[in-house]
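Down below is the structure, laid out as structure tokens.
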Amino acid sequence: MVQAYIHDDNNDIDFREAHNSGKSVSIEDLEKIGVFYKYCATVEDVDVIAKERNYKNRDVVNISKESFGNENNMMEKLNMFYSEHLHEDEEIRYCLDGSGYFDLRAQNDTDWIRCRVNKGDLLVVPAGIYHRFTLTTENYIKALRLFKDEPKWNAIKRPDGDSYQVREEYLSQTKA
Ligand SMILES: CSCCC(=O)C(=O)O
Ligand SMILES: [Fe+2]
């Protein structure tokens, strides 16, 4: 089950630590910022949602020291995922094993909402939301990435994303 809360914004400790401020965030609050969450016990459960939401393609990513050869290569990748960005498509991730944190900008565009995903958690991050990703201190995730069309990963960093239509559409759909 996803665990969501306001990030403590303490940049003095590793971004893979929990950073739990103690202010919890509900699934309903996640829905208000356009995020879809569902616990799926099996990949067959994911297939049902993929059919409903017309996700036609998928691949698997494995992020760990072993999959990137060494700690430095892994950290380089983590630093890329951790820089605030948005996508023009949904970011659809199902945790097959391990764990990770998806940080999502709250409606106030100031707080980070941290979502910890573990095995079985399906999270859909909407197009146009600023977000970032990191591993937990477990340093390992294996995730299914689903796509509406061809698999692609095009991250648009802040503030470049501000001028994108998908950003304006996201803001108009989720304004408080
Ligand atoms: C677990 S996939 C890594 C996260 C990602 O693809 C992203 O933040 O865009
Ligand atoms: Fe992303």
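Atoms within each ligand, like the ligands themselves, are counted from 1 in listed order.
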Taking the six-membered ring of Tyr101 as reference, does the cationic atom of Arg114 (NZ for Lys, CZ for Arg) lie under 6.0 Å from its centre and within 45° of its axis? yes

Do Ile141 and Val117 come within less than 4.5 Å of each other through their side chains, counting heavy atoms only? yes

Residues, nucleotides or ligands: over 12 heavy atoms within 6.0 Å of Lys56 NZ: yes

Angular separation of NE2 (His131) and NE2 (His87) seen from the Fe ion (ligand 2), to 10°: 100°

Does NZ or CZ of Arg53 come closer than 6.0 Å to the centre of the six-membered ring of Phe36, within 45° of the ring's axis? yes

Atom name of the N, O or S atom of Glu91 nearest to the Fe ion (ligand 2) is OE1

Taking only heavy atoms of Trp153 into account, list the atoms of ligand 1 that are under 4.0 Å away from them. 5 (C), 6 (O), 7 (C), 9 (O)

In terms of residue, atom name and distance, what is the protein heavy atom nearest to atom 7 (C) of ligand 1? Glu91 OE1, 3.0 Å

Please write down residue, atom name and distance for the protein heavy atom closest to atom 2 (S) of ligand 1. Arg93 NE, 3.4 Å

More than 12 foreign heavy atoms under 6.0 Å from CD of Glu28: is that the case here? yes

Under 4.0 Å between heavy atoms, the region of His87 that gets near ligand 1 turns out to be side chain

At a non-hydrogen distance cut-off of under 4.0 Å, which region of Arg145 contacts ligand 1 (side chain, backbone, both, or neither)? neither

Trp112 and His131: aromatic ring centres closer than 6.0 Å? no

